[in-house]
Amino acid sequence: MLVYPSGIDLSSRTLQHLSGLLAGHRRRIDSRWRRLTCGRQALLVLAHLRCGDTYARLATGFRIGTATVHRYIREAVGLLAALAPTLEQAMTTVRKKAYVILDGTVLPIDRIAADQPYYSGKKKHHGMNVQVLADPAGRLIWASDALPAAVHDLTAARTHGIPAALAADDIKCWADKAYQGAGQAVRVPFRGWRRLHNRDHAKRRSLGERAMATLKCWRVLRKLRCSTTRITAVVRAIVTLELAA
């Protein structure tokens, strides 16, 4: 197989952050020898998450086995996911903001038609539902655990306790009409002909799309091929990298 050099549209700070995290982990478990240095392992993981490179391509490019690639990525993703902010920690950040934007997205997965819980009738494909909180400028603050795509956004938000957490801290939140009935803390468009109000509401809420775009710049999320039980860890790992950048 031919091998060629490529690039990753991330800063060296992201690489150094992950490399330092891996170095600390190796010291804790007293791992004395690896096929790749911490820096090379970090580069491999970023190539998978940011560029969506498959295990087979990475194994060829880094001249290691596919099983080793899988082990290295799983190790790094686990370390990063453990550092992702919880909803309680996110609320601490949100309290300093004028308001917060809530939105949901369906991350595509490679499931078959028989897997009905993972099929989104709205998106017309299989996927996992992830809820996202963003600040007024659209910067990512927090992302939830992944639920099957058949779960409605309002149900997902309630499952994660988002409306209750916002109400408890009296935090203003803007969201789309999918969150009708989420409670007074979550402001949604009016039904009917309140066009002026709904136009202003849409202007504020639309900035939340920036947080969604930030997530989907990580190409691994554009078509997840891992087990559905691993998707939450992948999303959390990406949130950690974004917040550390």
So, Gln180 side chain and Pro189 main chain: donor-acceptor pair closer than 3.5 Å or not?
-> yes
Heavy-atom pair with the smallest gap, counting every atom of Cys38 and Leu22 = O-CD1, 3.8 Å
Arg74 atom CZ, over 12 foreign heavy atoms within 6.0 Å = no
Counting N and O atoms only, with roles assigned by atom type, does the side chain of Lys216 sit under 3.5 Å from a partner on the main chain of Ala213, one being a donor and the other an acceptor?
-> no
Taking the side chain as every heavy atom from C-beta outward, state whether His160 and Asp145 have any atom pair closer than 4.5 Å.
-> yes
Tell me, do Val94 and Asp169 make a side-chain contact under 4.5 Å, heavy atoms counted?
-> no
Distance col, row Thr232:OG1 vs Met128:CE, nearest 0.5 angstrom, shows 6.0 Å
The reported gap from CG in Leu133 to CG in Leu166 (rounded to nearest 0.5 angstrom) is 6.5 Å
Test item: Ile238 and Val234 side chains (from C-beta on) under 4.5 Å apart, heavy atoms = yes
For residues Ala42 and Ser19, report the shortest heavy-atom separation together with the two atoms involved.
-> CB-N, 3.8 Å
So how far is it from Arg28 CZ to Leu79 CG, rounded to the nearest 0.5 Å?
-> 6.5 Å
Leu15 and Leu10, any side-chain heavy atoms less than 4.5 Å apart | no
Rounded distance [0.5 Å steps], CD1 in Ile141 versus CG in Leu243 = 9.0 Å
Taking it one step at a time, do Tyr72 and His48 satisfy side chain to side chain contact (heavy atoms under 4.5 Å, CB included)?
-> CA-CA 11 Å; Tyr72 279 174; His48 173 67; over 6 Å; no
What is the minimum heavy-atom distance between Ala134 and Ala211, and which atoms define it?
-> CB-CB, 3.7 Å
Examine Met212 and Leu49 and state if one hydrophobic cluster contains both, with Ile, Leu, Val, Met, Phe, Trp and Tyr joined whenever side-chain heavy atoms are less than 4.5 Å apart.
-> yes
Given side chains that start at C-beta, do those of Arg95 and Ile171 come closer than 4.5 Å, heavy atoms only?
-> yes
Verify the cluster assignment for Trp218 and Val77: are they in a single hydrophobic cluster under the rule of side-chain heavy atoms below 4.5 Å apart?
-> yes
Start with the C-alpha distance between Glu209 and Asp103, add both sets of side-chain angles, then the distance that settles side chain to side chain contact (heavy atoms under 4.5 Å, CB included), and finish with yes or no.
-> CA-CA 8 Å; Glu209 295 298 327; Asp103 203 357; 3.2 Å; yes
By side chain to side chain contact (heavy atoms under 4.5 Å, CB included), which residues pair with Gln184, not counting sequence neighbours?
-> none
N/O donor-acceptor pair under 3.5 Å between Arg32 side chain and Asp30 backbone | no
Check whether any side-chain N or O of Arg236 sits under 3.5 Å from a backbone N or O of Ala82 as a donor-acceptor pair, and report yes or no.
-> no
same_hphob_cluster(Leu147, Trp142) at 4.5 Å side-chain heavy-atom cutoff | no
From the list Asp153, Val132, Ile162, side chain to side chain contact (heavy atoms under 4.5 Å, CB included) partner of Leu102 resolves to Ile162
Do the non-hydrogen side-chain atoms of Arg204 and Leu207 ever get within less than 4.5 Å of each other?
-> no
Okay, side chain of Arg187, backbone of Lys172: is any donor-acceptor separation there less than 3.5 Å?
-> no
Would you name the heavy atoms of Val106 and Gly127 that are closest together and state the gap between them?
-> CG1-CA, 3.8 Å
Rounding to 0.5 Å, atoms NE2 (His125) and CD1 (Ile109) come to a distance of 9.5 Å
Mark yes or no for whether Arg219, through its side chain, and Arg50, through its backbone, hold a donor-acceptor pair below 3.5 Å.
-> yes
Does some side-chain heavy atom of Leu215 sit less than 4.5 Å from a side-chain heavy atom of Leu107?
-> no
Is there a side chain to side chain contact (heavy atoms under 4.5 Å, CB included) between Leu21 and Leu83 once you walk through the steps?
-> CA-CA 10 Å; Leu21 189 64; Leu83 298 177; 3.8 Å; yes
Where do Ala149 and Tyr118 come nearest, in terms of heavy atoms and distance?
-> CB-O, 3.4 Å
Gln16: what forms a side chain to side chain contact (heavy atoms under 4.5 Å, CB included) with it, not counting sequence neighbours?
-> Ser12
Taking Ser144 for its side chain and Val130 for its backbone only, find out whether a donor-acceptor pair lies under 3.5 Å.
-> no
In the single-linkage hydrophobic clustering (I, L, V, M, F, W, Y; side-chain heavy atoms under 4.5 Å), do Val69 and Phe62 co-cluster?
-> yes
Any Pro148 side-chain heavy atom under 4.5 Å of His126 side chain = no
Check whether Tyr179 and Val151 end up in the same hydrophobic cluster, where Ile, Leu, Val, Met, Phe, Trp and Tyr are linked by side-chain heavy atoms less than 4.5 Å apart.
-> no
Nearest heavy-atom pair of Gly208 and Ile101: which atoms, and what distance?
-> N-CD1, 3.6 Å
First locate atom CG of Leu43, then atom CD1 of Ile8, and finally report the distance between them rounded to the nearest 0.5 Å.
-> 4.5 Å
Should we say atom CG of Asp9 is surrounded by more than 12 heavy atoms from elsewhere, each under 6.0 Å from it?
-> yes
Selection residues 51-69 - residue pairs positive for side chain to side chain donor-acceptor pair (under 3.5 Å), sequence neighbours left out | Tyr4-Arg57
How far apart are the C-alpha atoms of Leu44 and Ile73, what are their side-chain angles, what is the distance that settles it, and do they pass the side chain to side chain contact (heavy atoms under 4.5 Å, CB included) test?
-> CA-CA 8 Å; Leu44 180 148; Ile73 291 175; 3.5 Å; yes
